[in-house]
Amino acid sequence: MTTAIWWIRRDLRLSDNQSLHSALSQADTVIPVYILDPHLLERNASRRHQFLFRNLQILSERLEKMGCPLVLRQGKPIVELSRLKEECGASIITAEADFSSYARQRDQEVKSELNLELVNGLLIYPPGAAVKADGTPYTVFTPFYNTWLALPLPNDPLPIPDHLPAYPPLSSEALPPSNEIDGFPAGEEQAQRRLDDFLQFSVGDYHNQRDRVDLDGTSLLSPYLRFGLLSPRSAYAQMRPFLDNPQTHDGASKWLNELVWREFYFNIMAAFPFVLHGAFREAMRDIPWRSSPQDLHAWQSGHTGYPLVDAGMRQLAQTGWMHNRARMITASFLTKDLLINWQEGEAWFMQQLLDGDPASNNGGWQWTAGTGTDAAPYFRVFNPVTQSRKFDPQGEYIRTWLPELAAVPDAFIHEPWKMPSELQVKAGVQIGRDYPAPIVDHGFARQRALAAYKK
DNA sequence: TGAACATTGTT
DNA sequence: ACAATGTTC
């Protein structure tokens, strides 16, 4: 008679759960446990906490129905796990491996005292699977991608276990109350539904619609991948027929490319943990950033005077999600136009994003700032107006998130400060009063950024 | 997974 | 004029 603890962290699902599967294959009794870790909960990320609690609620209900309720504990993981082990006599703990410095330190500590088995699942292939011939990690995406694609296909996803053994009663904390997040219904069934919708309706056009901020061309899966409501292996397996179908190949392939960016940045974080604290490239550690709380606040609150930038920032603040193209444009604006340290943006995004993940978020910011691996050349400065015309041609995205500009004619929607005053009256918006004039001139700012980066 | 600006070639 | 192309940051 053996007992295993299934320590749930970022794998809030029953389907394709390698940690759960390993626990079941080694023990007669499996105790599902989630530990509310004060170190993680103290972080200012209430939207992700809401989503986490809501998902725990749903998982807990499913486990309850299967006669194997979730045990919820609160405290330092090593302490809580040791206590739980004494209570239930478990001989093994299984968990899905995670790769941030905190996660690795936490797990190392647990491993040194308890029998912890870490399994793959957060990624399709564990960090280190796709490396250069000499065994060192890739620091450029494209060769990483090519090697990644050439790896043997992963095993098929695991089914949901049809039966979980019951266990004697254990105490459990009450779940904090939580609400549904608008636009991202919780639970692994909703994650699967979201993927089904994407495969049925959008994947074939993904490659040519994904950059359009005014269309629903993206998969919207990021929050689900973030919390392991969908395993990337399962998503990849379900994508494969669409890769093989010539009608949908281009879109599916572009989507896979994005999924591999996620794998890439996890590899980078695992191999170079210092990226979470500063620039990957040494040469980029001395950029003379500006300090301007006022400009930072204008950016955070969506009041820079550049409509697309502001629309993105307000979408983020209001919903916890932002279109990927808008993420690049707003990030470029902070780092290049305002010349504010990308780490300020990284922190703000981590605070706001429902899908906020240290590896992907850090990778994205360093890419935009030109400080990272595979860096965009520092002289690549997005023009917020050009990008706006290109990716929101009718200004629909802008009008959605900036209602004060709703009546601005198409000809001025991307640069409303050029609107003659009689048109401002007609559109019911006075620039400088109802909507800000640009807080910085892009042409000037571009030159300033080029000079600052060149030093 | 840029864009500004100069140059060239076409009306 | 203005689009296509090349060069530069």
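Protein chains get the first letters and strands the later ones, always in sequence-line order, with residue 1 at the start of each. What's counted below: heavy atoms across the whole structure, side chains too, no hydrogens, waters or symmetry copies.
Ring centroids of A/Phe379 and A/Tyr453 are separated by 6.0 Å or more, keeping the two rings apart.
For the pair A/Phe264 CZ and B/dT1 P, the computed distance is 16 Å after rounding to whole Å. Atom OH of A/Tyr265 and atom C1' of B/dT1 are 10 Å apart (whole Å). Atom CZ in A/Phe333 sits about 17 Å away from atom P in B/dG2, given to the nearest Å. One atom, OH of A/Tyr145, and another, C1' of B/dT1, lie 14 Å apart when rounded to the nearest Å. When the P atom of B/dT1 is taken as reference, atom CG of A/Leu256 falls 17 Å away, rounded to whole Å.
A/Gln387 has no side-chain polar atom (N or O) that falls below the 4.0 Å cut-off from OP1 or OP2 of B/dT1. For A/Asn324, no side-chain nitrogen or oxygen approaches OP1 or OP2 of B/dT1 to under 4.0 Å. A/Arg380 has no side-chain polar atom (N or O) that falls below the 4.0 Å cut-off from OP1 or OP2 of B/dA4.
Each of B/dT1, B/dA4, C/dC9 was ranked by its minimum atom distance to the side chain of A/Thr386; first place goes to B/dA4. In this structure, of C/dC9, B/dT1, B/dA3, it is B/dT1 that holds the atom nearest to the side chain of A/Arg325.
A/Gln447 comes within contact range of no nucleotide atom at all, as no heavy-atom separation falls under 4.0 Å.
When Watson-Crick and G-U wobble pairs are counted only if both distances are under 3.5 Å, B/dC5 pairs with C/dG6.
Aromatic ring orientation, A/Phe51 versus A/Phe227: perpendicular (interplanar angle above 60°, classes split at 30° and 60°). Taking the six-membered ring where tryptophan is involved, the planes of A/Trp299 and A/Phe349 are essentially parallel, since the angle between them stays under 30° and well short of 60°.
A search for side-chain contact (heavy atoms from CB on, under 4.5 Å) contacts involving A/Glu117 returns A/Ser22, A/Gln26, A/Ile92, A/Thr94, A/Val119, not counting sequence neighbours.
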